[in-house]
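Okay, structure first, notes after.
All heavy atoms count here, side chains included; hydrogens, waters and symmetry mates do not. Each chain gets a letter, A, B and so on, in the order the sequences are listed, and its residues count up from 1.
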Protein chains: 2
Amino acid sequence: MDQSLKLEHQICFQLYTASKELTRLYRPILAPLNLTYSQYLVMLVLWEEDGIDLRQLGSRLTLDSGTLSPLVKRLIQIGYVEKSRATDDERKIIVRLTESGSALREQAANVPLQVSGMLNIDEATYVAYMEMLTDIKARLHDFGERQREQ
Amino acid sequence: MDQSLKLEHQICFQLYTASKELTRLYRPILAPLNLTYSQYLVMLVLWEEDGIDLRQLGSRLTLDSGTLSPLVKRLIQIGYVEKSRATDDERKIIVRLTESGSALREQAANVPLQVSGMLNIDEATYVAYMEMLTDIKARLHDFGERQREQ
DNA sequence: ATAATTTAAATTGTGCACAACTTAATTGTT
DNA sequence: AACAATTAAGTTGTGCACAATTTAAATTAT
């Protein structure tokens, strides 16, 4: 049979399952923080730069308003963030950490260490893998730009 | 600030976005085949070994019945597969390709080539990346086993 | 043989992810 | 200034993904 159609030979499939399984690893770690994986990503962004608008948040995470609007709504219900309109541009919604959302950062501080411990990976390998993933994304973006040119 | 909580330093985030963006690349390629990405994965399995049961299908793709049951239902509606009960074990549901589902294989034959063309990646790099992803998954499984032991 | 346990699918409920569309604010053009 | 085009969020609808539960069939234990 045509080898190229074999499931295990598809890089997309390996990426897809690796990502799913790593996310599964996060679930029990994030549960005590009362966060899903996607919500955790939003919190990571806000802990880096608080008070950004939804569009910026979306571009950091490659998520559109259809995903982010309800997700942020849930973070508001939990009490980790709050929304407000930007004064200079009434279209923009600013997302800001609450006291509780800020405080959560201390609790989350050990999450990365827990995960890398689970992966049992040394620093050099970790860096090499990060570069590969960055490269894959760069190739995808390059293709996107080549497309746009025509 | 604590570097370990920076979004871009998280291997999970790079995996998550790389997977999402690669899947996005597939969408326009799979649209003419009338398939979503997940449905395409199911078809890949069936083109390899037709007539397997749902549980085997799920273990190949790391998907449970909650995902697969409705997904297969949609493939039946499209007309690519059909279900039947296993005669030796009435619990098992056998999924089989229809004429139309089998024929689709020819149309799908060039999908992998299209994708690797888009990625613009040479064979050696491709192999290296596949090994990385396999290794990440192996580490995740190792952890899972270490857990179970205790 | 009968009861207890396990297993395979399906169902229900929650939360992404994204396309397509709507609404309102802003910017650009004439 | 008035109109067109663009932009930011939100909404609706579809399809995963998975936990938890249910139902029925098959195994195992007693």
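B:Val45 is connected to B:Leu54 through a chain of hydrophobic side-chain contacts under 4.5 Å among Ile, Leu, Val, Met, Phe, Trp and Tyr, so both are in one cluster. No continuous path of hydrophobic side-chain contacts links A:Val127 to A:Leu22 [ILVMFWY only; heavy atoms under 4.5 Å].
In this structure, the CZ atom of A:Arg91 is 17 Å from the P atom of D:dA5, given to the nearest Å. Atom CG in A:Leu54 sits about 5 Å away from atom P in D:dA9, given to the nearest Å. The distance between atom NZ of A:Lys83 and atom P of D:dA8, rounded to the nearest whole Å, is 16 Å. When the C1' atom of D:dA8 is taken as reference, atom CG of A:Leu63 falls 16 Å away, rounded to whole Å.
Here the CG atom belonging to B:Leu57 is positioned 4.5 Å from the CD1 atom belonging to B:Ile52, to the nearest 0.5 angstrom. Here the CG-CG distance, from A:Leu97 to A:Leu46, works out to 5.0 Å after rounding to the nearest 0.5 Å.
Using a 4.0 Å heavy-atom cutoff across all strands shown, A:Asp89 reaches sugar-phosphate atoms only and no base atom. Counting non-hydrogen atoms under 4.0 angstrom, B:Leu71 reaches the backbone sugars and phosphates but no base. Residue A:Thr62 is in sugar-phosphate contact alone, with no base atom involved, counting any heavy-atom pair closer than 4.0 Å across all strands shown.
Within residues 8-41 of chain A, the residues having any heavy atom under 4.0 Å from DNA chain D are, by residue number, A:Tyr16, A:Lys20, A:Arg24, A:Arg27.
In this pair, A:Tyr26 and A:Tyr40 present their aromatic rings tilted. The plane angle is within the 30 to 60° band.
By the 4.0 Å N-to-carboxylate-O rule, A:Arg139 lies close enough to A:Asp135 to be salt-bridged with it.
You can see that DNA chain C meets the heavy atoms of chain A within a 4.0 Å-exclusive cut from C:dG15 to C:dT26, reading 5' to 3'.
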Subject >> Worked check of side-chain hydrogen bond (donor to acceptor under 3.5 Å, both in side chains) between A:Gln14 and A:His9 >> reply: CA-CA 8 Å; A:Gln14 301 298 347; A:His9 294 172; over 6 Å; no
**OP:** Dump the intermediate steps for side chain to side chain contact (heavy atoms under 4.5 Å, CB included) on B:Tyr37 and B:Arg27, then the final yes or no.
**Re:** CA-CA 7 Å; B:Tyr37 178 68; B:Arg27 252 187 288 275; over 6 Å; no
